[in-house]
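Below is one structure, written out as structure tokens, with a few remarks after it.
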Amino acid sequence: MANVAVIGAQWGDEGKGKVVDWLASRAELVIRFQGGHNAGHTLVVGNQTYKLSLLPSGLVRGKIGVIGNGVVVDPEALLAEIARVREQGLEVTPATLRIAENATLILPLHAALDRAREAARGERKIGTTGRGIGPAYEDKVARRAIRACDLAEPATLSDKLDELLLHHNALLRGFGADIFEKSAVLDWLLGLAPRILPFVEPVWERLDEARRAGRRMLFEGAQAVMLDVDHGTYPFVTSSNTVAANAACGAGVGPGAVGFVLGIAKAYCTRVGAGPFPTELHDETGRLLGERGHEFGTVTGRRRRCGWFDAALVRQAVKVGGIDGLALTKLDVLDGLDELRICIGYDIGGETFRHLPAAPGAQKAARPIYETVEGWSESTRGARSWAELPAQAIKYIRRIEELVEAPVTLLSTSPERDDTILMRDPFQD
Ligand code: GDP
Ligand code: IMO
Ligand code: MG
């Protein structure tokens with residue numbers, strides 16, 4: 001019985017939350033394996049809209065949600081999110097949510113450093129969410145992070161804070177930012193500990209049992225391949241590996257347990273934050289896509305940059321992300337456009353490329369090479385079967401499949417949960 005990993009194939013906000021929520025009806029556990037509360041997923045279920053950041057989207061379906069060791073967890077943000085969704089009637093208890101004991105914690109000093117560094121970068125800022133994601137991952141690899149399990153050991157916390165504050169206060173001072181007092185940080189952690197610890201366990205054991213019992217697992221990625229710290233548009237990326245290979249490492253299962261990799265891509269392209277975006281549109285069409293697609297960040301409220309579908313980029317994401325099938329979302333946003341463009345490669349200084357090279361200068365200079373296809377005048381919004389789609393929309397999808405070298409196995413035609421067309425069940429593969 002196959003498991004499924006869902007990852008973004010562009011720069012995030014492709015509709016992963018909606019697709020995970022939809023697929024979760026077929027799974028028993030939904031596992032986040034990377035990222036933190038920089039993610040923002042909007043799920044529309046009837047007249048309820050859920051906005052999730054750190055909680056696995058499967059919780060809305062009443063499934064067990066797991067926050068894996070690869071996630072960076074801001075305990076205060078987590079509790080606030082739990083309180084928020086409880087008000088909407090969602091059950092989030094230690095019976096439904098489990099957090100890996102070896103997950104790294106985000107502390108207020110991480111967000112302070114994130115923001116101080118962005119301010120110091122000025123014009124060259126990355127446009128981070130300012131939530132401390134990067135600094136927390138840095139502490140993890142530097143072996144000084146505070147992890148969920150440490151909350152149970154006050155003496156360990158105290159020792160670790162000495163090292164952590166020595167490092168961070170020196171940096172914060174250098175940036176002219178406020179420093180942190182050990183007693184205040186320790187009190188903050190000890191105050192949160194009794195509310196976080198009931199959720200904490202060695203989740204790898206639960207996942208191993210689930211695997212052996214044949215229970216289906218759905219691995220929920222945040223961000224996207226082009227924001228991957230290795231494969232993305234570095235340095236304009238997030239600080240974790242967003243590709244499906246990291247689902248194994250960030251959850252504590254073997255690579256064979258990951259199963260079918262479903263990449264999510266919008267039928268056009270968006271990006272928040274700074275960095276290269278070859279197909280970005282600065283014209284009326286870009287504005288129209290943003291307006292019709294409600295392209296505002298779930299977390300930041302920032303306007304998302306919009307552009308044409310970049311098949312060269314998604315093809316690259318398919319290869320490095322190991323994507324077996326694509327879920328194409330927001331097809332409805334393209335309704336009524338006379339003509340659509342698909343980027344099939346780049347002109348960089350007079351040379352033609354089929355992929356986006358890694359060097360920042362080349363990425364900045366990349367000019368898209370377009371293929372033009374006819375649009376459709378009919379509405380696809382809310383379509384729930386292939387038969388309801390106009391011929392030109394089907395042609396557009398078929399051309400994308402050819403160019404990105406992966407089949408489109410799922411289509412989404414509105415924010416609403418059930419406005420989804422399944423061509424191939426990823427759990428059956
Ligand atoms: P995620 O970060 O990948 O989970 O995506 P977000 O939730 O941040 O952003 C996707 C937005 O598009 C959300 O507001 C969704 O409700 C919405 N959405 C998802 N699928 C569709 C679709 O097929 N059509 C339209 N119009 N909106 C969609
Ligand atoms: P979901 O899961 C879109 C972007 C930020 C910034 C860069 C680094 O909703 O798709 P960070 O705070 O992670 O250090 O910021 O990554 N970014 C996202 N963009 N969707 C997201 O998540 C993102 N998470 C981070 O805008 O450019
Ligand atoms: Mg999002």
Side-chain angles (χ1 to χ4, degrees), residues 6-22 32 34-45 49-54 56-57 71-72 74 106 110-111 113-115 117-118 125-138 220-229 232-240 242 263-268 270-277 289 291-305 327-335 379-384 410-421:
V6 167
I7 61 167
Q10 295 159 325
W11 279 291
D13 303 323
E14 297 91 349
K16 297 177 292 292
K18 168 180 164 163
V19 172
V20 169
D21 167 63
W22 192 79
R32 275 282 306 268
Q34 48 71 231
H37 65 315
N38 49 349
H41 311 302
T42 302
L43 283 56
V44 182
V45 185
T49 297
Y50 301 96
K51 290 189 182 291
L52 304 179
S53 271
L54 201 47
S57 299
V71 177
V72 281
D74 179 327
I106 300 183
H110 292 123
L113 183 61
D114 193 355
R115 289 194 292 262
R117 270 205 304 235
E118 281 283 273
K125 69 174 189 295
I126 291 166
T128 72
T129 57
R131 299 191 160 197
I133 308 295
Y137 276 116
E138 289 165 31
E220 177 181 7
Q223 292 86 46
V225 176
M226 287 303 141
L227 289 172
D228 182 283
V229 68
T233 46
Y234 192 91
F236 299 96
V237 294
T238 192
S239 297
S240 62
T242 58
I264 319 295
K266 273 180 205 181
Y268 49 102
T270 64
R271 164 162 216 172
V272 271
F277 183 176
L289 292 176
E291 200 170 281
R292 296 180 58 185
H294 300 287
E295 298 297 355
F296 294 94
T298 307
V299 162
T300 56
R302 280 184 287 172
R303 185 182 287 279
R304 296 178 187 142
R305 301 153 66 193
L328 200 66
T329 63
K330 304 191 101 164
L331 187 70
D332 54 294
V333 175
L334 300 180
D335 291 350
S379 168
T380 63
R381 192 166 168 102
R384 292 187 182 181
L410 199 139
L411 264 184
S412 166
T413 57
S414 99
E416 174 61 42
R417 176 189 274 174
D418 292 321
D419 292 339
T420 305
I421 305 172

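Positions are given from 1, in the same order as the sequence printed here. Indexing begins at 1, ligand by ligand and atom by atom, following the structure's order. Computed from a predicted structure; not experimentally measured.
Within the 4.5 Å cutoff, side-chain heavy atoms of Asp419 are placed close to those of Arg384. The closest side-chain heavy-atom distance from Leu334 to Leu289 is below 4.5 Å. For the pair Thr242 and Ile7, the minimum side-chain heavy-atom distance is 4.5 Å or more. For the pair Tyr137/Gln34, a side-chain contact is recorded, criterion being any heavy-atom separation below 4.5 Å from C-beta on.
Here the straight-line distance linking atom CD of Gln10 with atom CD of Gln223 works out to 14.5 Å at 0.5 Å rounding. Atoms NZ and CD1, from Lys16 and Ile264 in turn, are 8.0 Å apart once rounded to the nearest 0.5 Å. Taking CG of Leu331 as the reference point, atom OG of Ser414 lies at 11.5 Å (rounded to 0.5 Å). To the nearest 0.5 Å, the span separating NZ on Lys266 from OG1 on Thr329 amounts to 6.5 Å. Distance check: Arg115 CZ to His110 NE2 gives 12.5 Å after rounding to the nearest 0.5 Å.
Tested against Lys330, the residues Glu14, Arg292, Glu295 include a single side chain to side chain contact (heavy atoms under 4.5 Å, CB included) partner, Glu295. With Ile106 as reference, Val72 is the one residue of Asp114, Val72, Asn38 to meet the side chain to side chain contact (heavy atoms under 4.5 Å, CB included) rule.
Closest of all the heavy-atom pairs between Trp11 and Leu227 is O-CD1, 3.3 Å. Nearest heavy-atom pair, Ala9 versus Ala224, reported as atom, atom and distance to 0.1 Å: N-CB, 4.2 Å. The two residues Thr42 and Thr49 make their nearest non-hydrogen contact at CG2-CG2, 3.7 Å.
The protein non-hydrogen atom at the shortest distance from atom 23 (C) of ligand 2 is Gln223 CG, 3.6 Å. Nearest protein heavy-atom contact of atom 4 (O) of ligand 1 is His41 ND1, 2.6 Å. Protein heavy atom at the shortest distance from atom 13 (C) of ligand 1 is Thr42 CB, 3.7 Å. Of all protein heavy atoms, the one lying nearest to atom 13 (O) of ligand 2 is Thr238 OG1, 2.6 Å. For atom 12 (O) of ligand 2, the closest heavy atom belonging to the protein is Thr129 OG1, 2.6 Å. Looking only at protein heavy atoms, the nearest one to atom 8 (O) of ligand 1 is Gly40 O, 2.7 Å. Remark: minimum distance from atom 19 (N) of ligand 2 to any protein heavy atom is reached at Val272 CG2, 3.1 Å. Of the protein's heavy atoms, Pro415 CB, 3.4 Å lies nearest to atom 16 (O) of ligand 1. Among all non-hydrogen protein atoms, the one lying nearest atom 8 (C) of ligand 2 is Val237 O, 3.3 Å.
Put simply, no part of Arg131 is less than 4.0 Å from ligand 2, judged by heavy atoms. Residue contacts with ligand 1 do not include Gly12, since none of its heavy atoms lies under 4.0 Å from the ligand. In this structure, Arg381 is part of the shell of residues with a heavy atom less than 4.0 angstrom from ligand 1. Residue contact check for ligand 2: Gly127 places a non-hydrogen atom closer than 4.0 Å to it. Ligand 1 lies nowhere less than 4.0 angstrom from a heavy atom belonging to His294. Note on ligand 2: Gly40 sits in its first shell, one or more heavy atoms being nearer than 4.0 Å.
The distance from ligand 2 to the heavy atoms of Ile126 drops below 4.0 Å at these ligand atoms: 27 (O). Every atom of ligand 2 is numbered from 1 in the order shown, and the set under 4.0 Å from a heavy atom of Ala222 is 2 (O). Residue Lys18 has at least one heavy-atom neighbour below 4.0 Å for each of these atoms of ligand 1: 20 (N). Ligand 1 places these atoms under 4.0 Å from at least one heavy atom of Ser412: 20 (N), 21 (C), 22 (C), 23 (O). Those atoms of ligand 2 that come under 4.0 Å of a heavy atom in Trp11, given as number and element, are 3 (C), 19 (N). For ligand 2, the atoms closer than 4.0 angstrom to any heavy atom of Lys16 are 1 (P), 2 (O), 10 (O). Set against the non-hydrogen atoms of Ala39, the atoms of ligand 2 under 4.0 Å away are 1 (P), 2 (O), 9 (O), 22 (O). Shown in contact with Gly273 at under 4.0 Å from a heavy atom are these atoms of ligand 2, numbered in order with element: 27 (O).
When only modelled atom types and interatomic distance are considered, Glu220 and Ser57 share a side-chain donor-acceptor pair under 3.5 Å. With hydrogens and angles left out, the side-chain atoms of Lys18 and Ser412 include a donor and acceptor closer than 3.5 Å. In the model, Thr270 has no side-chain atom that pairs as donor or acceptor with a side-chain atom of Asp13 under 3.5 Å. Side chains of Arg117 and Thr128: no donor on one and acceptor on the other come within 3.5 Å.
Counting heavy atoms of neighbouring residues, nucleotides and ligands inside a 6.0 Å radius, atom CZ of Arg302 exceeds 12 of them.
The shortest N/O to N/O separation between Asp114 and ligand 2 does not fall below 3.5 Å. At least one N or O atom of Gly17, backbone or side chain, sits closer than 3.5 Å to an N or O atom of ligand 1. Not a single N or O atom of Ser239, backbone or side chain, sits closer than 3.5 Å to an N or O atom of ligand 2.
Considering each of Asp13, Leu227, Asn38, the one bringing a non-hydrogen atom nearest atom 17 (N) of ligand 2 is Leu227. The option with the heavy atom closest to atom 26 (N) of ligand 1, from among Thr329, Val6, Asp332, Leu334, is Asp332. When the options Lys51, Lys330, Gln223, Gln10 are ranked by their closest heavy atom to atom 28 (C) of ligand 1, first place goes to Lys330.
No part of Phe236 comes within 4.0 Å of ligand 2, judged by heavy-atom distances. Here Arg271 has no heavy atoms under 4.0 Å from ligand 2, in either its backbone or its side chain. In Thr413, the part holding a heavy atom less than 4.0 Å from any atom of ligand 1 is the backbone. Counting heavy atoms under 4.0 Å from ligand 1, residue Ser414 touches it through the backbone alone. Residue Arg302 touches ligand 2 through its side chain alone, judged by heavy-atom distances below 4.0 Å. Heavy atoms of Asp13 found under 4.0 angstrom from ligand 1 belong to the backbone as well as the side chain. Of all the heavy atoms of Arg304, the ones lying under 4.0 Å from any atom of ligand 1 belong exclusively to the side chain. Within the 4.0 Å heavy-atom criterion, both parts of Thr128, backbone and side chain, lie near ligand 2.
In terms of modelled atom types and a separation under 3.5 Å, the side chain of Arg304 and the main chain of Phe296 share a donor-acceptor contact.
An angle of 160° is found at the Mg ion (ligand 3) between Asp13 atom OD1 and Gly40 atom O, rounded to 10°.
For the pair Arg417 and Asp21, the salt-bridge criterion is met [side-chain N within less than 4.0 Å of a carboxylate O].
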